J.: 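Structure provided below as structure tokens; questions to follow.
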Amino acid sequence: MTTVKLVTLVLMIHVLISVCSGQYNRCCGRLTQKQGVIQSPNYPGPFETPVFCEWVIQAPPKLKIVLYLTQYYLKGFFHVYEFDHYTNKDEWIGEQKLATVNCEDEIWTIVSYKPFVVLRFAVQEMGNIHLRVLDHLMDVYGFNITYEMVSKHEVNNKWTCSAFDCSYLGNCYASADYSEYKCHCFPNFSGEECEYGPHCNPMTEKNMCQNNGSCRYIYGDHVNICQCVPGYLGSKCEQKINGIHPSG
Ligand SMILES: *[C@@H]1O[C@H](CO)[C@@H](O)[C@H](O)[C@H]1NC(C)=O
Ligand SMILES: *[C@@H]1O[C@H](CO)[C@@H](O)[C@H](O)[C@H]1NC(C)=O
Ligand SMILES: *[C@@H]1O[C@H](CO)[C@@H](O)[C@H](O)[C@H]1NC(C)=O
């Protein structure tokens, strides 16, 4: 970690602490900057339970708020609301629930046109609520996600990535200025989506698929799949379909 990053991090933590009241243990804040990171306590390690966090993102009138679930490993427990006005839990106007996010639903972007987005993260006890990445090798708890405020007229959302886009074999990180998102693959995995690894890699000519099928990892290090060329079938493209010409 560079000194600049470290200083930014320390400043960020300081800002979060200084706006948090007693009931939230460090995981809260009112975010008014155009972009930022929101993280579960002790990410990527386990957080202490019970935990209750609340972040309020506040946008000026002409901007919408976009959340990118870049690193999100929870099966629920994370709720997103929008408001016309929000002071605190007891003082607000126009509440609308946008989502309860479950990593299995594969929702990776949430957009709000209202000026206040409130994120609540509440877990009573640690059960089977997190996801295991890089099968058998690494457990990740909670989330480390980003948000930005952009013009309401902007039509397309920025391309960002997620654990799913990185085949659960890498981390999706924003660049320092949040302009770009990329998969940073775990050791021994590569490719834009971390889709290549020890048993499937065009660079080393490792391919478990037959008949010119192309391989890739899809959901951790144990699941690789074959995409067959027309005319072939089977988990390894080992089967020729009768009557269909391979180039058809
Ligand atoms: C959290 O996300 C930010 C933005 O993508 C990234 O720069 C940072 O390295 C992440 N932190 C961890 C611990 O993964
Ligand atoms: C990467 O692959 C090499 C060669 O197979 C192996 O020795 C090494 O332990 C692997 N690294 C990780 C982090 O799995
Ligand atoms: C696989 O590709 C090579 C080179 O393009 C080609 O010569 C060969 O016939 C192909 N095999 C099959 C089974 O399609």
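As the structure lists them, so they are numbered: ligands from 1, and atoms in each ligand from 1. From a predicted model like this one, the values you see are computed outputs, not experimental measurements. Basis for what follows: all heavy atoms, side chains included, without hydrogens, waters or symmetry-related copies.
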J.: With side-chain hydrogen bond (donor to acceptor under 3.5 Å, both in side chains) as the rule and sequence neighbours excluded, what pairs involving residues 90-102 come up?
T.: His79-Lys97, His79-Thr100, Lys97-Thr100
J.: If the cut-off is 4.0 Å to any non-hydrogen atom of Pro187, which atoms of ligand 2 fall inside it?
T.: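 Selected atoms, number and element: 13 (C).
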J.: So which of Cys166, Cys194, Cys172 actually passes disulfide bond (SG atoms under 2.5 Å apart) with Cys183?
T.: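 Answer after filtering Cys166, Cys194, Cys172: Cys166.
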J.: May I ask you to check if ligand 1 and Thr146 share an N or O to N or O distance below 3.5 Å?
T.: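 No.
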J.: Verify the ring-centre separation between Tyr181 and Tyr68: is it less than 6.0 angstrom?
T.: yes
J.: Within less than 4.0 angstrom of ligand 3, does Asn211 place any heavy atom?
T.: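 Right, Asn211 reaches ligand 3.
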J.: Test Tyr232 against Glu238 for side-chain hydrogen bond (donor to acceptor under 3.5 Å, both in side chains), laying out the working first.
T.: CA-CA 7 Å; Tyr232 290 90; Glu238 69 282 9; over 6 Å; no
J.: Below 3.5 angstrom, do we get any N/O pair linking Ala174 and ligand 1?
T.: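 Between Ala174 and ligand 1 (N or O atoms, distance only) the closest approach is under 3.5 Å.
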